[in-house]
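See below for the structure under consideration.
Only heavy atoms go into these numbers, but all of them, side chains included; no hydrogens, no water, no symmetry mates.
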Amino acid sequence: MIQFYFDAVSEKNKKLFDKVQITKYCDWDTPSEKFDFEAILGKYNISVAAPTIGLFSKEPVLGSEGLETFKEEVLHHALDLPMKEKDQREVLSIMASGLLTDEVKKQKLIKLMFGDVDTVVASVYAKLDLIFLGALSNEGVFELNATNNPEGGVRGTINYNQPAENIVSATIQWTDANIETVDCFEDIQEVMELASDKVDLAKILLSPAKLHYMLRTKKMKQLIWGTDKSSRMVNLKDVNSYLQENDYPILESIRRTVKIQNGRSFTELKPWNTKNIVFVPAGKLGTIKNALDSTELKGVMPEPGLSVSKYERVIVKKWCKGESDGSNHVEHTKAESYSLPVIDEIKGIYTLKTEA
């Protein structure tokens with residue numbers, strides 16, 4: 001039923017996870033049987049956002065130990081969410097109810113049973129967003145550390161090698177102390193001039209906070225409305241209209257928050273570095289390299305009692321444990337993906353550092 005659920009969503013051309021950013025900028029690559037990829041740029045040693053774990057390590061069950069470190073291989077992201085017996089009894093109660101119509105039963109069951117599926121699949125996409133947006137907004141570098149991967153145990157740096165000449169610092173720092181004197185458009189022009197002979201830039205990606213700062217600056221108001229109306233408020237539509245009219249890339253804010261699990265506690269992280277704005281060309285910026293799951297390999301015998309389905313390249317598995325396993329009756333829902341975003345267009349991406 002999970003695969004039918006995913007297929008129905010796809011047929012309606014509707015994404016399950018509308019907050020996901022990576023699929024806007026990267027396509028899933030054809031899966032490989034191997035874990036290593038020549039196309040991966042840079043080097044790395046190598047939740048909720050899903051914990052990143054060793055290739056052959058077991059995923060944490062919403063809590064876990066440190067795991068092995070490895071390098072030059074696709075990363076393994078996974079999360080297991082058990083459905084406890086009381087929830088299963090709720091499912092049976094809904095099914096047996098004579099007071100509910102079939103349609104109401106169906107909607108209640110979907111919300112209850114597929115809520116677990118959505119949670120674990122979303123956790124994998126959250127981790128991919130964390131890596132991709134983190135690297136894109138941090139000069140092509142992302143670090144896996146105790147803050148963003150506390151349960152996974154994997155530590156190290158992924159460096160996509162953004163060219164040093166593609167990184168520019170603002171003439172005057174974009175801070176509240178300088179809001180009357182900073183010229184954001186002048187800094188944007190400097191980047192555009194630098195890129196003019198190399199690539200056509202289509203968008204300027206930035207955090208909502210940095211966007212609002214730009215709209216409040218004195219010189220931006222003067223640029224849009226003139227000195228005689230410089231007290232008038234400027235909004236995103238005004239600035240983008242001006243940029244388009246002058247053949248400049250438009251502004252687009254990146255709004256994304258992911259939850260990181262550490263034991264029983266959760267913390268929120270914003271993957272995007274608010275101090276940097278990033279200039280990108282049109283179209284996709286990269287691919288998500290990925291490897292086949294063991295259940296997809298030819299010659300591997302299916303495991304009894306294991307249900308397997310896919311949403312894009314995230315594998316969803318369901319199975320039950322009970323008395324014969326020395327456990328209370330529980331149904332597990334697990335999502336995992338052997339994958340790593342690769343920013344193929346990194347040489348055509350420019351960064352403007354607005355603050356030190």
Query - Steps toward side chain to side chain donor-acceptor pair (under 3.5 Å) verdict (K210, N276) - result: CA-CA 8 Å; K210 194 59 66 178; N276 293 340; over 6 Å; no
Report task. Kindly determine whether L201 and V199 satisfy side chain to side chain contact (heavy atoms under 4.5 Å, CB included), including the steps that lead there. Result -> CA-CA 6 Å; L201 298 171; V199 64; 3.8 Å; yes
Query raised in the report: Passes side chain to side chain donor-acceptor pair (under 3.5 Å), Q162 versus T351? Steps please.
Result: CA-CA 9 Å; Q162 184 177 18; T351 298; 3.2 Å; yes
Query - Residue pair Y213, V182: steps toward the side chain to side chain contact (heavy atoms under 4.5 Å, CB included) verdict - result: CA-CA 11 Å; Y213 176 86; V182 68; 3.4 Å; yes
Requested in this report: Check the pair I277, W174 against side chain to side chain contact (heavy atoms under 4.5 Å, CB included), reporting the backbone distance first and the verdict last.
Outcome: CA-CA 11 Å; I277 68 174; W174 295 18; 3.9 Å; yes
Report task. For K24 and E252, run salt bridge (Lys or Arg N to Asp or Glu O under 4.0 Å): C-alpha distance rounded to whole Å, both residues' side-chain angles, the deciding distance at 0.1 Å, then the answer. Result -> CA-CA 13 Å; K24 298 177 184 177; E252 183 174 297; 5.9 Å; no
Query raised in the report: How far apart are the C-alpha atoms of R255 and W272, what are their side-chain angles, what is the distance that settles it, and do they pass the side chain to side chain contact (heavy atoms under 4.5 Å, CB included) test?
Result: CA-CA 8 Å; R255 192 185 307 273; W272 191 266; over 6 Å; no
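K318 places none of its side-chain heavy atoms less than 4.5 Å from the side chain of L306. Counting heavy atoms from C-beta outward, F279 and I188 have side chains that approach closer than 4.5 Å. Under the 4.5 Å side-chain criterion, counting only non-hydrogen atoms from C-beta, Y350 is in contact with K198. When side chains are defined from C-beta on, L243 counts as touching F185, because their heavy atoms get closer than 4.5 Å. Counting heavy atoms from C-beta on, the side chains of Y125 and V121 come closer than 4.5 Å. Residues L194 and E190 are not in side-chain contact: their nearest non-hydrogen atoms beyond the backbone lie 4.5 Å or more apart. Side-chain contact between K334 and W319: present, with at least one pair of heavy atoms (C-beta onward) separated by less than 4.5 Å. Annotation: side chain of L251 is not in contact with side chain of K203 (no heavy-atom distance under 4.5 Å).
E312 and K310 are not joined by a salt bridge, as no carboxylate oxygen comes within less than 4.0 angstrom of a charged side-chain nitrogen. Here K284 does not pair with E345 in a salt bridge; the nearest charged N to carboxylate O distance is not below 4.0 Å. We find that K219 and D183 are not joined by a salt bridge, their nearest charged nitrogen and carboxylate oxygen being 4.0 Å or further apart. Between D176 and R216, at least one side-chain N (NZ, or NE/NH1/NH2) sits under 4.0 Å from a carboxylate O, which counts as a salt bridge. Looking at D293 and K317, a side-chain N of the basic residue comes within less than 4.0 Å of a carboxylate O on the acidic one, giving a salt bridge.
When atom types are taken as modelled, the side chain of K275 and the backbone of A356 share a donor-acceptor pair closer than 3.5 angstrom. A donor-acceptor contact shorter than 3.5 Å is absent between the side chain of D200 and the backbone of P281. For the pair N235 (side chain) and K237 (backbone), a donor-acceptor distance under 3.5 Å is present. A donor-acceptor pair is defined here as one N or O able to donate and one able to accept, closer than 3.5 Å; such a pair exists between the side chain of N166 and the backbone of I349. Distance alone, capped at 3.5 Å, places no donor-acceptor pair between the S337 side chain and the V314 backbone. Distance alone, capped at 3.5 Å, is enough to place a donor-acceptor pair between the D187 side chain and the T171 backbone. The backbone N or O of Q21 sits less than 3.5 Å from a side-chain atom of D129, completing a donor-acceptor pair. Remark: side-chain polar atoms of D344 are paired, donor with acceptor, to backbone N or O of T287 under 3.5 angstrom. Here the side chain of N290 pairs a donor or acceptor atom with the backbone of I288 at under 3.5 angstrom. In this structure a side-chain-to-backbone donor-acceptor pair under 3.5 Å is missing from N138 to G140.
Atom SG of C26 and atom CG of L285 lie 6.0 Å apart (nearest 0.5 Å). For the atom pair CD1 (I131) and CG (L136), the distance works out to 13.5 Å, reported to the nearest 0.5 Å. Between atom CG of residue N240 and atom CD of residue E245 there is a gap of 11.0 Å, rounded to the nearest 0.5 Å. Atoms CZ and CG, on F142 and N148 in that order, are 4.0 Å from each other to the nearest 0.5 Å. The distance from the OG1 atom of T217 to the CD atom of Q222 is 9.0 Å, given to the nearest 0.5 Å. Taking CG of N178 as the start and OG1 of T354 as the end, the distance is 11.0 Å to the nearest 0.5 Å.
Partners of K270 under the side chain to side chain contact (heavy atoms under 4.5 Å, CB included) rule, at least two apart in sequence or in another chain, are T257.
In summary, the aromatic rings of Y248 and Y242 are positioned with their centroids too far apart to meet the 6.0 Å limit.
Cation-pi geometry between R313 and W28 is not met at under 6.0 angstrom from the ring centre and within 45 degrees of the axis.
At most 12 non-hydrogen atoms from other residues, nucleotides or ligands lie less than 6.0 angstrom from CD of E193. The number of heavy atoms from other shown groups lying within 6.0 Å of CG (N246) is above 12.
In plain terms, the two heavy atoms of Y160 and P341 that are nearest each other are OH-O, 2.6 Å.
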